[in-house]
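One-based numbering along the sequence shown. Just the heavy atoms: all of them, side chains too, but no hydrogens, waters or symmetry mates, feed the values below.
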Amino acid sequence: MNKPTHNIDNNEYHRGELGHLLSSSDMKVLYRKSGAHLEVKKSQVHHETPLMALGTAFHSLMLEPESFDDEYVIQPEFEVTEVDKKTGELKAKTSGWKRTNDYKEQLSAFQKKNAGLRILTEDEMSQLLSMRASMGKSSMFKEYFVDAKGHNEATYVDGRFKVRCDRICEVDGKTIIIDIKTTDDATPEGFKKKLHQMDYDLSAVMYPDIAKADDFIWVVQEREAPFACCWYKMSDWIHKLGTSKLNKAHKALEQQELPMGGFSGHQAEYEITEL
């Protein structure tokens, strides 16, 4: 197992010294769309959806637990009161409390105090802990995460390409890449559908090629009860499909590049095609 070429955080990987290199998500844009679309993607500011933010938090909790408390803070349940019209006494406000000035002031003060940290609600933290407990029960977790020697959040660079492995480890003499996915459906049918939609197969071919690994495994963790966790190994058929996609992306890259860098964008306008 080769050591990671870079020891950097996620932000540095995406937008720092390696920001100009091409990742698997960049190659997916070339496969699905064009170089013009990739130029726009790389120039835009990335915005996380709530589900993406939860996935990021779960990765941090599982892969970098020693730094989780330095990155995240739990938002308390702020107490908002109102005067009881019958008794004249203060009581907890049960409806519309998030719209009150009292709540907004407490939230604003909390956010200012914890500026620079990612904020999780108590419910979100409980959700993450349930997900972690489910994944940790698996015998494979012990084999690949506890017993095996390896690296978490490992970055590898090869030429103009880069990959960031959730985990890379050595088991029975083979180098294995582990990729954690959070989802609402971890069943084989549900994950297979997601795999094709998101081109996970392209990544599963590109990662071992750059990191010089022998195999690729997805750990698919559901976000809701019963928090099922399923493990899937890349099959020969998925490898063949991913290779085809990656080759198409490489071909698009070669065809669209300009001598001085950038892309021609010749596919930004599409001809009328019979479907």
**OP:** Take Phe191 and His196 through the ring pair (Phe, Tyr, Trp, His ring centres under 6.0 Å) test and state the conclusion after the steps.
**Re:** CA-CA 9 Å; Phe191 182 65; His196 294 303; 9.6 Å; no
**OP:** Please step through side-chain contact (heavy atoms from CB on, under 4.5 Å) for the pair Cys169 and Lys149, ending with a clear verdict.
**Re:** CA-CA 6 Å; Cys169 58; Lys149 294 181 179 179; over 6 Å; no
Original post:
Can you list the steps and then say if Met135 with Met131 is a side-chain contact (heavy atoms from CB on, under 4.5 Å)?
Top reply: CA-CA 6 Å; Met135 184 179 292; Met131 293 164 66; over 6 Å; no
Subject >> Steps toward side-chain contact (heavy atoms from CB on, under 4.5 Å) verdict (Ile177, Arg167) >> reply: CA-CA 6 Å; Ile177 292 175; Arg167 179 164 175 78; over 6 Å; no
**OP:** Please assess Thr56 against His59 for the test side chain to side chain donor-acceptor pair (under 3.5 Å), listing each intermediate value before the final yes or no.
**Re:** CA-CA 5 Å; Thr56 299; His59 275 72; over 6 Å; no
**OP:** Show your reasoning for whether side-chain contact (heavy atoms from CB on, under 4.5 Å) applies to Leu120 and Gln75.
**Re:** CA-CA 6 Å; Leu120 295 169; Gln75 178 181 310; over 6 Å; no
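Under a 4.0 Å N-O distance rule, the pair Lys28/Asp199 does not qualify as a salt bridge. Arg118 and Glu124 are not joined by a salt bridge, as no carboxylate oxygen comes within less than 4.0 angstrom of a charged side-chain nitrogen.
Distance CH2/Trp237 to CG/Asp201: 8.0 Å, rounded to 0.5 Å. Residue Ile180 holds its CD1 atom at 12.0 Å from SG of Cys165, rounded to the nearest 0.5 Å. Put simply, CG on Asp123 and CG on Leu128 are 11.0 Å apart, with the number rounded to the nearest 0.5 Å. Between atom OG of residue Ser24 and atom CG of residue Asp209 there is a gap of 12.5 Å, rounded to the nearest 0.5 Å. To the nearest 0.5 Å, atom NZ of residue Lys251 and atom CD of residue Gln255 are 5.5 Å apart. Between the OH atom of Tyr31 and the OG atom of Ser244 there is a distance of 6.5 Å, given to the nearest 0.5 Å.
When atom types are taken as modelled, the side chain of Asn247 and the backbone of Thr243 share a donor-acceptor pair closer than 3.5 angstrom. Looking only at distances, no side-chain donor or acceptor of Glu12 sits under 3.5 Å from a matching main-chain atom of Ile8. In this structure, the side chain of Ser43 engages the main chain of Val40 through a donor-acceptor pair within 3.5 Å. Put simply, the side chain of Thr5 gets close to the backbone of Val157: a donor and an acceptor are under 3.5 Å apart. With Ser130 contributing its side chain and Ser126 its backbone, the two residues share a donor-acceptor pair below 3.5 Å. Put simply, the side chain of Gln127 gets close to the backbone of Arg223: a donor and an acceptor are under 3.5 Å apart. Without hydrogens or angle criteria, Ser67 side chain to Glu64 main chain gives a donor-acceptor distance under 3.5 Å. Between the side chain of Tyr144 and the backbone N or O of Val171, no donor-acceptor pair lies under 3.5 Å.
Nearest heavy-atom pair across Lys162 and Met206 is O-CE, 3.9 Å. Here the shortest heavy-atom pairing between Asp166 and Ile178 reads CB-O, 3.2 Å. Closest non-hydrogen pair, Ser23 versus Ser25, comes out as OG-OG, 2.9 Å. Residue Phe68 comes nearest to Ala57 through the heavy atom pair CE1-O, 3.6 Å, listed as atom of the first residue, atom of the second, then distance. The minimum heavy-atom distance between Leu38 and Leu22, with the atom names listed, is CD2-CD2, 3.9 Å. Across Glu71 and Ser60, no two heavy atoms sit closer than the pair OE1-OG, 3.6 Å.
Heavy atoms of other residues, nucleotides or ligands lying less than 6.0 angstrom from CE of Met52 number more than 12. With a 6.0 Å radius and a threshold of 12 heavy atoms from other residues, nucleotides or ligands, Lys194 has its NZ atom at or below the threshold. Within 6.0 Å of atom NZ in Lys41, more than 12 heavy atoms from other residues, nucleotides or ligands are found, so the atom counts as buried in its surroundings. For Asn7, the CG atom counts as loosely surrounded, since its 6.0 Å shell holds 12 or fewer non-hydrogen atoms of other residues, nucleotides or ligands.
Under the 4.5 Å side-chain criterion, counting only non-hydrogen atoms from C-beta, Ser108 is not in contact with Glu105. Using a 4.5 Å heavy-atom cutoff, the side chains of Gln256 and Leu30 are in contact. Between Leu18 and His6, some side-chain heavy-atom pair lies under the 4.5 Å cut-off.
Under the 4.5 Å side-chain heavy-atom criterion for Ile, Leu, Val, Met, Phe, Trp and Tyr, Ile176 and Trp218 are members of distinct hydrophobic clusters. At a threshold of 4.5 Å between side-chain heavy atoms, the hydrophobic network of Ile, Leu, Val, Met, Phe, Trp and Tyr places Val29 and Met198 in one connected group. Clustering ILVMFWY residues whenever any of their side-chain heavy atoms sit less than 4.5 angstrom apart, transitively, puts Ile217 in a cluster other than the one holding Leu202. A continuous path of hydrophobic side-chain contacts links Met125 to Leu54 [ILVMFWY only; heavy atoms under 4.5 Å]. Hydrophobic clustering (ILVMFWY, side-chain heavy atoms < 4.5 Å, transitive): Met1 and Met234 are in one cluster.
Residue pairs meeting the side chain to side chain donor-acceptor pair (under 3.5 Å) criterion with at least one partner in residues 169-179, sequence neighbours excluded, are Asp179-Lys181.
By the 30° and 60° cut-offs, the orientation of the rings of Phe145 relative to Phe141 is parallel.
Phe58 does not carry Arg132 over the face of its six-membered ring by the limits of under 6.0 Å from the centre and within 45° of the normal.
In this structure, Lys248 has no salt bridge (Lys or Arg N to Asp or Glu O under 4.0 Å) partners at least two apart in sequence or on a different chain.
Using modelled atom types, one finds a donor on one side chain and an acceptor on the other under 3.5 Å when comparing Thr187 with Asp185.
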Side chains of residues 226-233: which donor-acceptor partners sit under 3.5 Å, not counting sequence neighbours?
| from | atom 1 | to | atom 2 | distance (Å) |
| --- | --- | --- | --- | --- |
| Trp231 | NE1 | Ser138 | OG | 3.4 |
| Tyr232 | OH | Ala186 | O | 2.5 |
| Lys233 | NZ | Asp215 | OD2 | 3.2 |

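With ring centers used as reference points, Tyr156 lies 6.0 Å or more from His151.
Here the options are Leu241, Leu246, Ile238, the test is side-chain contact (heavy atoms from CB on, under 4.5 Å), and the partner is Val205; only Leu246 passes.
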